[in-house]
Every structure is written in structure tokens, then in C-alpha cells.
Amino acid sequence: MVVASRHVLSRLRKRSWKASFFQRWNHSHGDDLKQILKSLPWQYLRASDPSNYDNSTYQRTDVSFDVNNGKPIIENREPKAYTIDNISVDNDTYHVKWSDGRASSYPTASIQNQVDRWKQRYPENRIPWSGLTEEKVRESSSLSIPFSKLISNPGMKRAITTLYEYGILLVTETPVSDGGAGIAALGAALGGGSVKELRSNSVLKNYMEGGSEIMLPHGTDGPLRTLYGTVWSTISGGQADGASVADSAYGNDGLPLHTDMTYMRDPPGLQIFTMVEPAIEGGDSIFADGLALATSLREKDPEAFHVLSTAIRRYSCRDPVTGWQLEASGPVIQISSDNQIVGIRHNDLDRLPDLPPSTISAETDIDDFYAALERAHTAWDSLISQDKFRLVMKLQPGDTMIVANQVSFSCPLNGLLYGDGTDKLSFTWHCSKRCMHGRYGFSSSSRNPRSVMGCYIGQDELYSRMRMEGFHVT
């Protein structure tokens, strides 16, 4: 899908599960609502009775175990069958009477949510993009937001929505002379719990009350700790003592489009880049949506798509100076059991040499494996090199690009919108590692070095924030 105009941006808005449910409610009758509830297995409904959950911890209370020693209780656990005697609907609540006399109540929106998840029916609020320009991003009220607004409650909600829909967000006017405190506050605004009331455990709350700490001893939000530290800098002198600088980002050469930390089993959910000092010449930042690229490859070259979605590639990061050796593996394009796209893992600079499957032994078969892999990777690279997929940004001091490095989702799209206004294809999207980034080579000096600072946000924290805003992520 291509984001081509403000019209496209304005008409594609967040649809929470609750909102989408009540839209259907207005066009349904009571009997239809009852059928929605009946579509779920009675075993699930019985176990989902709100009375089976603790009101304060939200943990299950219907698990049979000895409270003294924690052992499971085996006696009297024969399967029991129940039937529903009666269903009534009152405002936004289902009331169910069971055959054993038990009465259960369920929020209607929650039931619809579970049916949609089970049947994999989701609102169309993911927006794969291409054809974006820096001008469009800066002018867009959806894709750009000032730092001071983002760290407010309405701003955080808006940022989470944009990152869910587009996978990228420009934040302007980010503080760059506070030792990374503002960047850490950005990370805290988009990670951790959505309630940030205590200065003692929220980096964001602490920052808004005048604090400058990047991490808190008992904090529950803030940057993710990685081998590069918490808030990192592309100037080696700006890195914390003991943090790794074993990465091509610390050089002056251009970097090909890639997702970050392909060598981790679970890469970060968000990456935050803040321009502190631009290069004297060059150094433009490049971004691309892996969803649009994978879809295009699937359409144009199904054989290459098959190879890149089945061949397991290995990725590595090694830094003996600071004592790290990370490795992870997976296909460039990950697909689900029903042949839907579920992820992008791509970084040629961290990719180890490929080995054929151990089941292949004949020399001709081995040659065919490498030939097919080279051909598929060339087809992938040919798409990555096309300007329509590349968003080039000349970031200024205080400009921050937030990239959804790994965002899982599943939603149906009724077609892909291209810059010429035509609709092509029709897929159901499920995708995690989403946006890629890179840069142009640059000239700099020791007195005026190109300087970028940033941090990562964990995937689980990002997912939690998206769920709290009513989005479906898995």
C-alpha cells in the first residue's frame, strides 16, 4: 500500500476493537448477538467466566492445586459436559445461564474480540506504505509530532496509533543537549506500563518533573538494555564505558537497508534515532516498509519469495572486547502455516555464509541450492534498490525517527493502494519485523562529527502498550 496523500492519511484511522464491535452492534439484532457468543466453544466460555479470575491480579482462580505445597490436585478431575440453557443481552453484557444453574456474564465487546482473534478477522488498520517523501512526512499530522506533545498522554496514544498503522514516526524538537535524558523519556513514553504516575519508577514521569536520569534503579519503563548500553551514541566517545562499538554504524560508509539485531532471537520492538549533529556532507537516513517490499516480491517473483521464505539464514554479532557473541536464525521473509507473511529478518552485513539443508548431499543439488538462493536474493535486492520503496530523510538536530523494528500484527487488507490510485492484489497481512533503515555515506570531521543518539524498546513492552490502546497484536 502506498501512502499517497493527506486524503489517504485522514481516512485510515485507528479502529479499536470496542469501536468496531459497537459499529456492528448497530446493524445487528439480539439473535445475531447470541449467535456470536454461541460461535465460541462452550468449554472456552465456561473457563472464561469472569468469576474464574482474581479481581486484583487477573489470574485464574479455577486451577486445582494444593495451596500448601503447590502440587496439582488430580482427584475428581473427570471431564464434565455443560450446556447453555439461556442467553440474554443487556446493554453491553451477555448473561448466560448454564445447565448446572451457574450464571455467567461477559462483556459483549470482549466476546466479539475473542471471536475475531479465533477466526482471524481483524480491522483494516495496518497501512503498508511506499512512495513517501520527506515533505509528506513533515507535513503529515499522522506521521509527525513535536517532542513536547508526544510525552503527554494524548501524544503517547497518538504515537502508538501511528506506529501500529505505519511503523514509522517523526518526532521533532527532541532535546539533544541533556545527555540523552530526553531520548530516554521518549523510550519511556512508548514502553513500560501506560500508567506513569510515580517518579520513582517511571523515567518519563521523572523527566517531566525535572529529572535527568536515563534509567532508574526500580524503574518499570525506559530504554531496553542491549550490548550497546541503554541510550547509545554513534560517536564512540559518546558511548557508556563498556558498551560495544562493534558495528558498522560507527563508520562513515553508507549502510544498506536492514532490520536491527537480526542476531537476537527476539529483536527489539522499536528503534529510536535522534539526530544530534548532521554530517558535513551526506549522511541522509533511509527507511523502507518491509511489508510493501515482501508483497511486491510475492507478486512479481513467487519463486524468489518461496526461496526467501523457506531458506534459513544465520545472523551473528561478535565483540570479544566487551564479551558478546550473539546468534539467531530465520528466513528473510517469515510466513505462517497458512502462507501469510509474519516477519522480515534482513541484514546482509550480519548474515553468516549460508549452508544447504543437511538432507542435501548431491553436488548438483548443492549447486542448485546456492544458485536459487543467489537468484532470490538478487530479486529482493532489486526491489530494495527502487526509489519508490525508499524514504530518504535529511534529519536536522532534534529530529527523531522512531521505527517499528518488530511489530507483530494480523489484519485483512482489501487491496493495496498505489500512488497511481489503483488497487492491486488482496492479501491477509500478518507481519512482525517491519521497517528497515539505512543511511548514505558521509563526510565528517573530529571537530564536527555526525552524531546520532538513540535507544531500543522491547517488543513485549510495545505490544503491551498497543493492547492497552485496543489494538490486536500477537
Side-chain angles (χ1 to χ4, degrees), residues 14 16-17 57-59 126 145 147 150-169 171 174 180-208 211 213-232 259-262 264-274 326 328 342-343 345 400-410 431-435 437 453-474:
K14 165 189 161 187
S16 71
W17 296 114
T57 67
Y58 299 97
Q59 292 178 295
R126 289 286 189 175
I145 185 173
F147 173 87
L150 188 149
I151 62 175
S152 68
N153 283 329
M156 286 187 280
K157 293 176 182 293
R158 176 181 154 195
I160 291 294
T161 297
T162 295
L163 290 167
Y164 181 90
E165 293 178 339
Y166 298 96
I168 59 168
L169 176 65
V171 182
T174 308
I183 295 169
L186 271 184
L190 300 173
S194 60
V195 177
K196 302 179 184 295
E197 296 179 348
L198 299 177
R199 184 173 182 175
S200 60
N201 68 5
S202 172
V203 171
L204 177 61
K205 182 68 171 179
N206 181 62
Y207 176 83
M208 296 182 72
E213 291 81 0
I214 290 174
M215 297 288 286
L216 297 174
H218 305 289
T220 57
D221 63 16
L224 178 69
R225 188 201 68 193
T226 71
L227 70 161
Y228 305 110
T230 50
V231 173
W232 46 260
T259 57
D260 252 29
M261 296 197 172
T262 52
M264 292 183 66
R265 183 183 62 181
D266 296 311
L270 288 180
Q271 183 163 11
I272 295 174
F273 304 88
T274 298
L326 298 166
V342 296
R345 185 186 291 265
T400 296
M401 287 296 290
I402 303 178
V403 178
N405 185 64
Q406 178 163 340
V407 180
S408 173
F409 68 88
S410 178
C431 193
S432 48
K433 308 166 194 71
R434 177 168 184 177
C435 286
H437 63 277
M453 296 180 69
C455 65
Y456 296 98
I457 302 302
Q459 180 182 350
D460 287 326
E461 292 185 43
L462 177 62
Y463 285 6
S464 175
R465 295 298 298 279
M466 288 181 170
R467 292 188 191 102
M468 291 299 292
E469 294 305 318
F471 291 117
H472 172 74
V473 289
T474 57

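Only heavy atoms go into these numbers, but all of them, side chains included; no hydrogens, no water, no symmetry mates. Bear in mind that the values here come from a model prediction, so they are computed numbers and not experimental data.
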Shortest non-hydrogen contact from M468 toward S194: CE-OG, 3.5 Å
Heavy-atom closest contact (A184 atom, V231 atom, distance): CB-CG2, 4.0 Å
Side-chain heavy atoms of S200 within contact of H218, under 4.5 Å: no
By side-chain contact (heavy atoms from CB on, under 4.5 Å) - contacts of K196 (at least two apart): M156, S202, L204, D221, R465
Closest heavy-atom pair and its distance - T230, I214: OG1-CG2, 3.6 Å
Side chains of L163 and T161 in contact at under 4.5 Å (non-hydrogen atoms): no
Counterpart residues, side-chain contact (heavy atoms from CB on, under 4.5 Å), relative to T220 (two or more places apart): N201
salt_bridge(E469, K157) N-O dist < 4.0 Å: yes
Under 3.5 Å: donor-acceptor pair, side chain of R345, backbone of T262: yes
Aromatic plane relationship, Y207 with F147 - under 30° parallel, 30 to 60° tilted, over 60° perpendicular: perpendicular
Derivation and outcome, side-chain contact (heavy atoms from CB on, under 4.5 Å), residues L326 and L227: CA-CA 10 Å; L326 298 166; L227 70 161; 4.1 Å; yes
Listed partners of R199 passing salt bridge (charged side-chain N to carboxylate O under 4.0 Å, His left out), at least two apart: E209
Check: E213 and N206 side chains under 4.5 Å, non-hydrogen atoms: yes
Single hit among Q459, E461, R467 for side chain to side chain donor-acceptor pair (under 3.5 Å) with Y463: Q459
Side-chain donor or acceptor of N405 paired with backbone N/O of P268 under 3.5 Å: yes
Minimum heavy-atom distance T226-Y456, with the two atoms named: CG2-CD1, 3.9 Å
V403 side chain near L270 side chain, heavy-atom distance below 4.5 Å: no
